[in-house]
Amino acid sequence: MDECHNLNSMAAKGISTEEKRQQDLLHEIEFQNNSKKRGPLCTKLHHCRAERRRYKDIFEETDEIVKFFREPQHKRTLEQLRQLLGKVRKVEKYHENRYYIPRLKEDSEHGQKDS
């Protein structure tokens, strides 16, 4: 969920940046009298539009998830899931480091147990 939120924010900023770049390029093209110099600007505009589309796709793919978890009941569920994950990780860590100390020592020669 956090990664989804970060992607959504990054994509929104990327869209804004590319829209500003697009306007700059359009104005450069508009005021460029030399057709040979307009060609490279058009290529830059093409790349700018492709990058904007990439950001827009990411934004659209993540936006509904971000909106969902902004609602109070879902936000609460997400916090409960985070707490649950913390508990599970704690148990997993315990399992990684556990060892057993025998409670009784056996007499290896006679098969007798000490108490």
**OP:** Determine, using the 4.5 Å side-chain heavy-atom cutoff (strictly less than), whether I58 and I15 are members of one ILVMFWY cluster.
**Re:** yes

Original post:
Below 4.0 angstrom, N of the basic side chain to O of the carboxylate: do D63 and K67 qualify?
Top reply: yes

Subject >> F59 backbone acceptor or donor facing T62 side chain under 3.5 Å >> reply: yes

Original post:
When you look at CG of N97, are more than 12 heavy atoms from neighbouring residues, nucleotides or ligands closer to it than 6.0 Å?
Top reply: yes

Original post:
Does one hydrophobic cluster hold both L7 and Y55, with members joined at side-chain heavy-atom distances below 4.5 Å?
Top reply: yes

Original post:
Taking the side chain as C-beta and beyond, is there a heavy-atom pair between L26 and E30 under 4.5 Å?
Top reply: no

Subject >> Inter-residue atom distance L25.CG - H47.NE2, 0.5 Å rounding >> reply: 11.0 Å

**OP:** For Q32 and R38, work out which heavy atoms get closest and say how close.
**Re:** O-NH1, 2.7 Å

Name the atoms and distances for all side-chain donor-acceptor pairs under 3.5 Å in residues 76-95, with sequence neighbours left out.
residue, atom, partner, partner atom, Å
T77, OG1, Q73, O, 3.0
R82, NH2, D2, OD1, 2.4
R82, NH2, D2, OD2, 3.2

**OP:** Taking all heavy atoms of M1 and all of V66, pick out the closest pair and write down the distance.
**Re:** CE-CA, 4.2 Å

Original post:
Which heavy-atom pair separates C42 from I29 by the least distance, and what is that distance?
Top reply: SG-CD1, 3.9 Å

**OP:** Kindly give the cluster partners of Y99, where membership spreads through any ILVMFWY side chain lying under 4.5 Å from a current member.
**Re:** I101

**OP:** Might you work through the side-chain contact (heavy atoms from CB on, under 4.5 Å) test for Q22 and R49, ending with a clear yes or no?
**Re:** CA-CA 7 Å; Q22 175 182 306; R49 297 284 299 162; 2.8 Å; yes

Original post:
By side chain to side chain donor-acceptor pair (under 3.5 Å), which residues pair with E19, not counting sequence neighbours?
Top reply: R52

Original post:
How far apart are the closest heavy atoms of E18 and C48, and which atoms are they?
Top reply: O-SG, 3.2 Å

Subject >> Close side-chain approach of H74 and F69, heavy atoms under 4.5 Å >> reply: yes

